[in-house]
**Student:** 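Sharing a structure, written as structure tokens. Questions coming.
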Amino acid sequence: MGVIVEQFPLYVQGFLQTVRICILAAVGSLILGTILAAFRVSPVPPLRAVGAAWVTVFRNTPLAVVLFAVAFGLPELGINGSYFWFGVAGLTLYTAAFVCEAVRSGINSVSAGQAEAARAMGLTFSQSLSLIVLPQAFRTVVPPLGSVIIAMIKNSAIVGAFGVGGDLFAVGVQLTSAQGYAAAGVLTGVLLGYLILTIPAGIVLARLERKLAVAR
Amino acid sequence: MSSSVLYDIPGPQARRRTLISSLVAAVIVAVVIVLVVLRLAEQGQFSGEKWGPLVNPFDPSFAAVWNLLGQALVATLTAAGLTLVFSLVIGTIFAVTRVTASRSYRWLVVGVIELLRGVPVVIAIFFAARVLPEVGISLPILWYLVIGLTAYNSVIIAEIIRAGIASLPRGQSEAGYSLGLTRGQVLSTILLPQAFRVMLPALISQLVVIVKDTSLGFIISYEEFVRTANIIIQTLRNPIQTYIIVAIIFIAINYSLGKLAEYVERRLSRARTTAAAPTHAGAVDTGAAGGG
Amino acid sequence: MRLSHLTKVAAVAAALVLTATACGNQSSSLGSTGGAPPAAENVSFEAGTTMDKLNKAQALRVGTKFDQPLFGLKGLDGNPAGFDVEIAKIIGAKLGIPADKITYTEAPSAVREEVIEQGRVDMVVATYTINAKRKERISFAGPYYIAGQDLMVAKDDTTITGPESLRAANAKVCSVAGSTPSEKIKEYIDPANLVLFDVYSKCADALRTGQVQAVTTDNVILLGLVDSSQGAFKLVGQQFTQEPYGIGIPKGDVKFCEFINTTLQEAAADGSYEAAWKNTAGKVSPQAPSLPPADACS
């Protein structure tokens, strides 16, 4: 366990890198996922097809495969970047599918009367979706969305395993493989780093869930 | 049915508008696809050299490649199957302990469950593979993968089962007690069998997560699909093509499992007309999102 | 872009297989392939030695890399091939074990000591640098090859002849951020001329497009990049660090160590060492190395 104290600065760096990856991917996938959800409930069949295809592909493919495909595929399309950005991109594309499904189930949970009232007032599809349904849906989807984001934080470790330098998982690998520290101590430190992120998030989420449940 | 609530049943004008926007959207989607395809073609990504070994049975490498992929499939299914069995057993124990534990140590069970839930699967696998040998437990790598996956999935399954038990009407256990059954008997003969039934769709969905997560075996060089793909790519140098094939295999397996879950759910809800209709509890969503 | 594929595969695979543990499932038998000398017949060894045990068992378990081009690279037939594998076959032959009785287990860098200590393999031949820290846990026979940091340049480059020529040529040199080679090269060039990427494949791309004039890291990695460049690159061949590759065996097995060293010397004498190189890494670097003098066994 001494390694955690000895190499504390390295752990902090890794922790911050993980947080960076998570924030970027969380913002990206929330935006992309919401757009996809809007696609899936829109009256335009081609958009619905795009949304459905996205969800089917990315929910059924392992993140590791998505990451490899992104890192090999994007350069072929002329999009070059560092492995950091490939990692963030892969995590975003993957998580967006889960965000989409969470948001869509939220939209479906908003009672029909709300949308009907909006329509009765003459709002268009995009107006009723953005002004009436989505704001309410987002409240319902906070619990599932929170679960998605917590899962994403954990999945960010796969991005580290994939070769993005400097995140928590990479620190663990570096200390065990290159510097020869015993794995038990090193990995306990890495675990603590992730638990610092996931456990409080889980507690906050549980609180939120209870609160929203009372409000309904 | 909300999608139809969000907009009126379209009249002639709206139908025309929808048609126009459909066309526009279709054209945009088509253009994007064509651009991507053209770009890939320009890079020689559709050459027979890259695709042949994967799709052309007459290619000299075809048999070798599919032999490797077949072994990868066996490796993946073995790991997934073992994980499912162990997770079910340990998950049930967790769920039962959590339900029956006296308050004095329930916090401990809950603590362990919450702790394991917060651990990234990939770290659990890595931890098993690196720490167990350090303490003198040396196993074939398959088992490190199974142990890592089980650590995570058993607590998810425990939550699914607990939600299943909670969804049963109180009358079930009350009836059991009134017959003079003990707590353990009520659980094992009345509650658990029903909980499993109610939660069968959720358990099948969790299997999708397990199948996906076996891909993380590549980190400890377990030769599942990702590691195998890397080995194929070393020789054939066709990463995009190989990963597309691997992704298609995963989608085929998992999509079928998903459909199976839906089918089971439909059958169950048809068969059951009691109050406790199967619901998608929070635990189910969490599980589905946990995939790697 | 073609190049970026090839090199990226090697680089990503190397980055990815962070660690591994060997096991029976991973092994594969090698069919007889050309190059390896035929197994010695009617050999006998002093009773109780490792050699005797292996000979009697007629089986040899070797840990090697599965993703190191030219040294140990697993092919579509499921068998690894390369210089390390050929060295293992030479040793197997002297033990009286034919090539098809040798089983290979993946031994990535992180677990090489572990697989020896746990007795999962009889020896490890896996681009394995001899150093004091590793000797605390295992013993090394050999070395059988001296690797070292080298420079990779364009095929037609004649101005860069070694690290000392870099400054005069005002050459930009590429390496991977945070790596030991990237630190070492700073002795030879201005820091401003050092270009750092996250993987070597990008260095290879940069060299191909002329953004840098040289790429530096261990010659073994560079050989893999040259191999996949389809003739666009070459090695300068002036190694400026020394990484002796040894054969890892259980700690303190002096007799086995001495047997391997003798075998290597005989192989160098009868040309099978050179043939092993010619059939593998020699395709990229035709100049066969000469067998380095063996270290004392302990």
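Per chain, numbering begins at 1; letters A, B, ... match sequence-line order. All values derive from a computational prediction rather than experimental measurement.
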**Student:** Applying salt bridge (charged side-chain N to carboxylate O under 4.0 Å, His left out), which residue pairs with at least one partner in residues 26-38 of chain B are found, sequence neighbours left out?
**Tutor:** none
**Student:** What distance do B:Thr228 atom OG1 and C:Lys74 atom NZ have between them, rounded to the nearest 0.5 Å?
**Tutor:**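 One gets 7.5 Å once the value is rounded to the nearest 0.5 Å.
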**Student:** Measure B:Leu68 against the heavy atoms of chain C and call it side chain, backbone, both or neither at under 4.5 Å.
**Tutor:** side chain
**Student:** Which heavy atom of B:Arg237 sits nearest a heavy atom of C:Asp227, and at what distance?
**Tutor:** NH2-OD2, 4.2 Å
**Student:** Starting at CG of B:Asn67, measure out to CG of C:Leu76 and round the result to the nearest 0.5 Å.
**Tutor:**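 Reported to 0.5 Å precision, the distance equals 10.0 Å.
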**Student:** Search all heavy atoms of C:Phe66 against all heavy atoms of B:Arg227 and return the closest pair with its distance.
**Tutor:**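 In this case the closest contact between C:Phe66 and B:Arg227 is CB-NH2, 3.9 Å.
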**Student:** Any side-chain to backbone donor/acceptor pair from C:Glu114 onto B:Arg130? Under 3.5 Å, distance only.
**Tutor:**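 Pair absent, no side-chain N/O of C:Glu114 close to backbone of B:Arg130.
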**Student:** Can you confirm whether B:Tyr255 is buried at OH, in the sense that more than 12 heavy atoms of other residues, nucleotides or ligands lie under 6.0 Å from that atom?
**Tutor:** no
**Student:** Report the option among B:Gly136, B:Ser138, B:Ala64, B:Ser61 that has the most heavy-atom pairs separated by less than 4.5 Å from atoms of chain C.
**Tutor:**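 The option with the most such pairs is B:Ser138.
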